[in-house]
Amino acid sequence: MEGVFGTALMLLLVGMITVFFVLFMVVILGKLLIRLVNAFHKEAPTHKKDSLATINQALPPNKLAAIVTTVEVVTQGKGNIKSIDKID
Amino acid sequence: MEGVFGTALMLLLVGMITVFFVLFMVVILGKLLIRLVNAFHKEAPTHKKDSLATINQALPPNKLAAIVTTVEVVTQGKGNIKSIDKID
Amino acid sequence: MEGVFGTALMLLLVGMITVFFVLFMVVILGKLLIRLVNAFHKEAPTHKKDSLATINQALPPNKLAAIVTTVEVVTQGKGNIKSIDKID
Amino acid sequence: MTALGDLILSPGTLLMLLIGLILLYLGIKKEFEPLLLVPIAFGILLANFPGGNMGVIPSGENDAILHMTLLEIAKEYGIMNLIYYSTIKTGLLPPIIFMGVGALTDFGPMLRNLRLALFGAAAQIGIFSVLFGALAFGFNLKEAASLGIIGGADGPTAIFTTIKLAPHLLGPIAIAAYSYMALVPVIIPLVVKFTITEKELKINMKKMDKMYPSKVPIKNLKAVKIIFPILLGIIVAILVPSSVPLVGMLLFGNLIKEIGTSTERLHAAASGSIMNTATIFLGLSVGATMTATSFLNSNTLLIILGGFIAFAISITGGVLAVKVYNLFAEKKINPLIGATGLSAVPMASRVANEIGLKYDSGNHLLQYAMASNIAGVIGSAVAAGVLISFVG
Amino acid sequence: MTALGDLILSPGTLLMLLIGLILLYLGIKKEFEPLLLVPIAFGILLANFPGGNMGVIPSGENDAILHMTLLEIAKEYGIMNLIYYSTIKTGLLPPIIFMGVGALTDFGPMLRNLRLALFGAAAQIGIFSVLFGALAFGFNLKEAASLGIIGGADGPTAIFTTIKLAPHLLGPIAIAAYSYMALVPVIIPLVVKFTITEKELKINMKKMDKMYPSKVPIKNLKAVKIIFPILLGIIVAILVPSSVPLVGMLLFGNLIKEIGTSTERLHAAASGSIMNTATIFLGLSVGATMTATSFLNSNTLLIILGGFIAFAISITGGVLAVKVYNLFAEKKINPLIGATGLSAVPMASRVANEIGLKYDSGNHLLQYAMASNIAGVIGSAVAAGVLISFVG
Amino acid sequence: MTALGDLILSPGTLLMLLIGLILLYLGIKKEFEPLLLVPIAFGILLANFPGGNMGVIPSGENDAILHMTLLEIAKEYGIMNLIYYSTIKTGLLPPIIFMGVGALTDFGPMLRNLRLALFGAAAQIGIFSVLFGALAFGFNLKEAASLGIIGGADGPTAIFTTIKLAPHLLGPIAIAAYSYMALVPVIIPLVVKFTITEKELKINMKKMDKMYPSKVPIKNLKAVKIIFPILLGIIVAILVPSSVPLVGMLLFGNLIKEIGTSTERLHAAASGSIMNTATIFLGLSVGATMTATSFLNSNTLLIILGGFIAFAISITGGVLAVKVYNLFAEKKINPLIGATGLSAVPMASRVANEIGLKYDSGNHLLQYAMASNIAGVIGSAVAAGVLISFVG
Ligand code: NA
Ligand code: NA
Ligand code: NA
């Protein structure tokens with residue numbers, strides 16, 4: 001019976017050290033990652049604005065805003081307007 | 001061959017009695033359930049109104065109504081507005 | 001080793017002939033199908049307009065159009081308004 | 001190119017392809033239960049093309065296929081047998097579809113008119129009546145019970161029972177069940193014509209309700225709707241344990257619907273992606289059981305005939321039960337409410353409603369019809385449980 | 001009608017049904033993790049109705065059921081065992097649910113406050129502390145490890161570990177894990193009362209941030225969020241390979257979320273239909289393991305007790321770690337941030353935020369609490385990996 | 001911590017991890033078929049972390065794993081092998097993905113320009129041409145056929161064929177197929193440059209249509225679209241039965257799309273949750289087949305090379321077929337329509353359209369290109385059927 005308590009103590013030590021070490025690496029490498037990405041960061045990707053601009057040409061801006069807002073509200077932000085075509 | 005017809009008759013009797021008994025119990029216990037729930041019934045749950053009220057503070061009521069109606073129509077009543085946040 | 005090249009040649013011939021024959025049949029029978037369907041074609045199915053008409057009675061047309069458009073936009077054309085009921 | 005030769009030499013296969021095409025026509029153009037008939041019909045086509053390796057291999061009790069691993073089945077018999085033997089033959093999909101049915105069912109109309117639930121019992125009589133005829137025509141007891149369950153007018157119940165009792169008849173029984181459910185707008189008026197008088201058809205349920213108002217209003221419908229499936233589950237489980245897989249899943253689906261927002265994710269899955277996926281694979285693989293050798297025999301014709309008789313007797317049973325009730329009660333019931341007891345939800349109720357309106361344009365029966373209609377789903381699931389436990 | 005007799009004669013089964021009903025009440029009315037507790041509770045009901053054939057058969061290491069084909073299992077033991085033995089016992093569903101969890105997790109708050117992730121490590125101490133007590137009460141090492149993992153406050157992790165180490169305890173451990181996660185709004189305030197002073201509770205993180213601003217802003221959050229799960233996967237895989245099934249799927253789910261539009265279809269499936277379907281079948285079949293014979297014994301009570309202690313120790317561990325940190329750092333941290341390190345995302349963070357606001361209405365802790373809270377998910381998955389590789 | 005040691009000692013594994021990261025980069029940043037490449041790449045990472053137990057174990061024809069139950073596979077080899085051996089090795093997922101492809105395919109453009117479908121036949125020549133080279137480099141016939149099918153430019157078809165003929169090459173063939181499909185915007189212009197003159201590129205299809213109008217308009221497109229998949233299924237089933245699992249499911253998916261409202265639930269499932277779920281598990285487990293031992297050998301390089309040649313020959317074949325046609329016909333066809341015959345829907349059509357617009361800003365080829373493009377999907381599925389029935 002003593003043996004299992006020894007194992008439990010070993011598990012406590014190994015387990016907590018591993019958990020701490022993993023999350024310590026997360027902190028260190030996470031910070032490194034942020035710095036690295038910052039270093040390579042030049043221009044922001046503006047996909048969204050592009051597509052909005054494209055839509056803009058076809059629709060008056062107030063209608064556009066209404067539709068975009070509705071979609072965002074309705075889909076809880078999951079929705080994604082790719083194109084708006086008139087249906088005749 | 002006679003044996004199977006006897007079994008069939010037995011099945012007819014046992015089956016129909018069981019079906020009737022189950023649905024009879026549904027009627028009896030269903031009525032009992034309604035009475036019991038009525039007895040315990042005090043205040044109506046007003047979750048929905050609560051959340052609407054919360055939303056209300058952030059949005060003018062006419063816009064709110066429009067969005068709620070749209071969502072209900074669009075999602076055939078399945079949609080559920082949990083929160084409306086402004087996106088800037 | 002020569003044998004496999006012979007098989008490969010056979011596969012090339014059988015394969016390409018089959019592919020061509022299948023797509024040739026698609027062309028021939030496809031054209032036949034179009035002619036046949038044209039021959040039986042009398043009246044266009046107008047389900048959609050029917051349902052729109054029904055909805056029309058309950059809602060002013062401009063509101064109807066707005067809702068229909070919104071649904072079409074939001075659901076990228078997948079949505080399908082079956083009925084619009086007032087919720088009071 | 002031997003496939004073409006095979007086809008020409010086997011008129012049975014050609015006939016099966018024709019049957020598949022006709023069912024497709026009925027499902028697409030006539031809108032006969034298209035969600036099931038289209039996959040079933042396409043499954044028939046897939047199964048009967050020579051060389052396609054998409055037909056389901058029949059298996060007896062002791063066949064080797066029951067002891068093969070999935071990989072062995074797939075390798076030996078292809079993907080359709082893989083799907084059939086892992087999801088249908090195991091009995092998995094019907095309860096899963098029943099979960100979806102429950103998630104789409106509203107017990108509200110039945111709770112508001114509980115008394116009418118009893119006619120959902122009476123209208124199961126066709127299930128058991130047809131047993132005698134089936135036995136007389138040479139079916140054994142298990143086969144007869146599977147044939148009878150068509151009279152329950154409920155697809156998943158019929159399929160579940162047949163898987164358990166007579167899997168070799170699965171194809172024709174599924175076809176008959178779904179076809180007659182689709183033909184309810186023809187069958188109910190036919191039976192009504194011979195069994196209900198014009199005076200009875202004019203019984204106005206709403207007026208009756210005003211003349212003899214119910215004493216107990218439902219003050220908290222949401223709570224009742226949440227507790228009801230749990231209560232019903234307990235009743236059924238105690239009385240007919242063998243129907244628990246079917247009824248239990250139905251009621252679980254209904255419970256996660258009625259709880260509302262906090263289990264909405266589960267409800268959406270049960271009534272949406274799970275049910276639709278199960279329907280596709282159930283339909284295709286049930287269709288794929290119908291190869292020429294397994295389908296083209298006199299049994300199939302007898303099943304088609306017997307199924308119709310079961311439907312007609314069930315409807316008549318429901319109608320007569322109402323008539324008997326009316327003999328003793330002051331608050332009369334429109335016998336159309338009995339006709340909808342067989343189930344075929346919600347088509348039967350709509351048909352009853354239309355017939356009612358034809359005789360009295362102010363007589364809206366829909367909510368009343370739904371009460372016995374939904375009760376009929378429980379009724380036939382219970383009947384299935386009785387059959388499985390006594391005959392299986 | 002023997003089912004009724006069976007019930008009356010077996011008080012254990014009646015007690016199980018009562019437990020099922022109580023859990024349903026907690027899930028529905030008290031909204032205790034309803035997505036899991038409602039299916040688990042319904043699974044208990046289904047499993048304990050006599051004759052329903054819906055209870056999961058326990059299996060030891062060498063049992064025949066492990067070598068049976070799906071069809072044999074379905075035929076012999078019914079569909080619930082089919083579901084259990086193909087999706088739970090194989091260890092399939094917990095990683096799949098973890099994929100969904102990942103697809104719903106936002107590492108943003110943690111990335112903005114990376115330092116706080118360390119408290120998600122400290123708050124795993126309950127997992128390992130409880131081992132000693134469990135061993136003292138006669139559990140063997142595998143059982144003790146499964147009990148301890150409740151202190152990780154993460155449902156899928158607890159279930160995955162228990163499947164691997166002590167599947168016969170799956171029911172009570174799952175119940176305890178999800179119940180205490182639901183009780184976090186009670187447990188955290190209780191622990192906080194005994195461990196944190198009012199002065200500490202008023203530590204305002206936003207003010208601290210203004211006084212000691214971080215030097216490195218995140219200029220391209222999207223890129224960081226996409227690379228982070230890949231990086232984290234590599235770290236975890238190298239250090240704790242046995243947690244790869246769990247953590248790997250979590251990070252895959254997160255990756256397809258963060259990529260955005262081009263993998264949106266996959267993200268929708270992972271966080272929607274796949275996760276919801278897995279939740280239904282996991283819940284029902286975990287519930288169905290809880291038959292009277294397997295549940296009603298002293299072990300269950302000890303697990304319920306031990307689980308609570310594990311939770312309490314984990315929370316205390318997180319709090320104390322912050323206090324020790326504050327001894328040395330100038331930029332103080334509110335100890336509530338330690339209390340959320342155990343995970344129970346996002347409930348724990350909300351509770352911490354509310355407590356914080358009670359003492360200082362301008363002290364919004366949510367974003368900070370989420371940092372340690374999410375780190376706690378990784379922490380307990382890593383702890384599970386250690387337990388599985390050393391004890392399994 | 002031995003995992004780190006293992007990694008350092010096995011440069012092959014490190015290389016595989018690097019390949020996984022590069023593929024992730026291509027999928028995420030360069031948007032190379034991200035729906036498939038991201039899961040495949042992540043599967044490579046998961047499979048190659050030492051100790052993670054997530055790599056797929058290769059199996060020969062007579063290996064024991066084929067006769068193991070799911071539980072035995074899961075216990076012995078972990079969940080990734082469970083997924084691989086139950087859904088990929090059985091050949092289940094590619095037809096299911098093809099059902100989704102069908103549910104997303106519109107045969108309209110092909111029906112409006114049926115003649116152009118023939119170029120979808122010509123552009124399969126790469127599949128068969130590459131056989132010779134592959135045999136010369138030492139591949140056996142089954143391997144050569146699997147390599148050749150890359151030239152069909154259709155992912156599920158390539159995977160299905162390879163599962164049947166040479167499962168040990170599944171990884172590199174899937175990678176090559178999806179990568180070259182993603183590289184179509186590079187490969188098509190390259191081939192076009194060497195094979196099509198500027199004068200040919202300026203052939204304006206709309207003007208040709210006005211000069212030589214088609215005699216038969218489609219009066220009832222909906223009816224044609226519903227009947228067409230059924231008709232096509234019959235043609236293919238009779239001529240190439242071995243392609244029924246693939247083409248049959250494609251056409252079933254298309255049928256439930258074209259029927260419209262009454263089968264919308266099925267269509268939504270087939271093109272949504274089913275397809276997305278299948279894509280995730282197919283991608284992850286195909287990726288997981290690529291362990292260092294199975295991937296890092298000269299075969300992989302030859303497959304990458306051979307796949308490119310197959311693509312190039314297919315495109316050239318389509319282009320030349322148009323040129324030959326133009327020799328005899330008055331109504332000329334733009335050879336770009338031939339280039340899109342290989343499939344890679346719809347990317348190839350978009351590329352052809354852009355090239356056309358570059359030479360004549362009024363020359364919109366998209367609808368015409370889609371005709372041969374979609375025909376190419378049928379073409380390669382038929383070619384796969386021929387290969388499987390003659391070589392398999
Ligand atoms: Na019924
Ligand atoms: Na945790
Ligand atoms: Na192709």
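In what follows, every chain begins at residue 1, and chains take the letters A, B, ... in the order their sequences are listed.
- The structure places CG of Leu66(F) at 5.5 Å from CG of Leu71(D), a figure rounded to the nearest 0.5 Å.
- Taking CD1 of Ile83(D) as the start and OG1 of Thr90(F) as the end, the distance is 9.0 Å to the nearest 0.5 Å.
- The CG atom of Leu36(D) sits 8.5 Å away from atom CG of Leu266(F), with the distance rounded to the nearest 0.5 Å.
- In this structure, the side-chain contact (heavy atoms from CB on, under 4.5 Å) partners of Ser262(D), at least two apart in sequence or on a different chain, are Ile259(D), Glu31(E), Pro34(E).
- Using a 4.5 Å heavy-atom threshold, the side chains of Arg265(F) and Leu35(D) count as touching.
- Contact residues of residues 225-236 of chain F toward chain D are Ile226(F), Ile230(F), Gly233(F), Ile234(F) (heavy-atom distance under 4.5 Å).
- Contact annotation for Leu21(D): only side-chain heavy atoms (C-beta onward) come within less than 4.5 Å of a heavy atom of chain F.
- Within residues 280-290 of chain F, no residue approaches chain D closer than 4.5 Å by heavy atoms.
- For a residue to count as touching a neighbouring chain, one of its non-hydrogen atoms must lie under 4.5 Å from one of that chain's; by this rule Leu70(F) touches chain D with the side chain only.
- Of the residues considered (Ser243(F), Pro95(F), Pro245(F), Ala270(F)), Pro245(F) shows the highest number of contacts with chain D, using heavy-atom pairs under 4.5 Å.
- For chain F, the option among Gly27(D), Pro39(D), Ser86(D), Gly272(D) with the highest count of heavy-atom pairs below 4.5 Å is Pro39(D).
- Proximity to chain F is limited to the side chain of Leu82(D), based on heavy atoms less than 4.5 angstrom apart.
- For residues 96-105 of chain D, the interface with chain F (any heavy-atom pair closer than 4.5 Å) comprises Leu104(D), sorted by residue number.
- In this structure, Met68(F) CE and Glu72(D) CD are separated by 12.0 Å, a value rounded to the nearest 0.5 Å.
- Looking at Met275(D), the atoms closer than 4.5 Å to chain F (heavy atoms on both sides) all sit in the side chain, from C-beta outward.
- In plain terms, the two heavy atoms of Phe42(D) and Leu255(F) that are nearest each other are CD1-CD2, 3.7 Å.
- For the atom pair Thr69(F) OG1 and His67(D) NE2, the distance stands at 14.5 Å (nearest 0.5 Å).
- Between atom CG of residue Asn276(F) and atom OG of residue Ser273(D) there is a gap of 10.5 Å, rounded to the nearest 0.5 Å.
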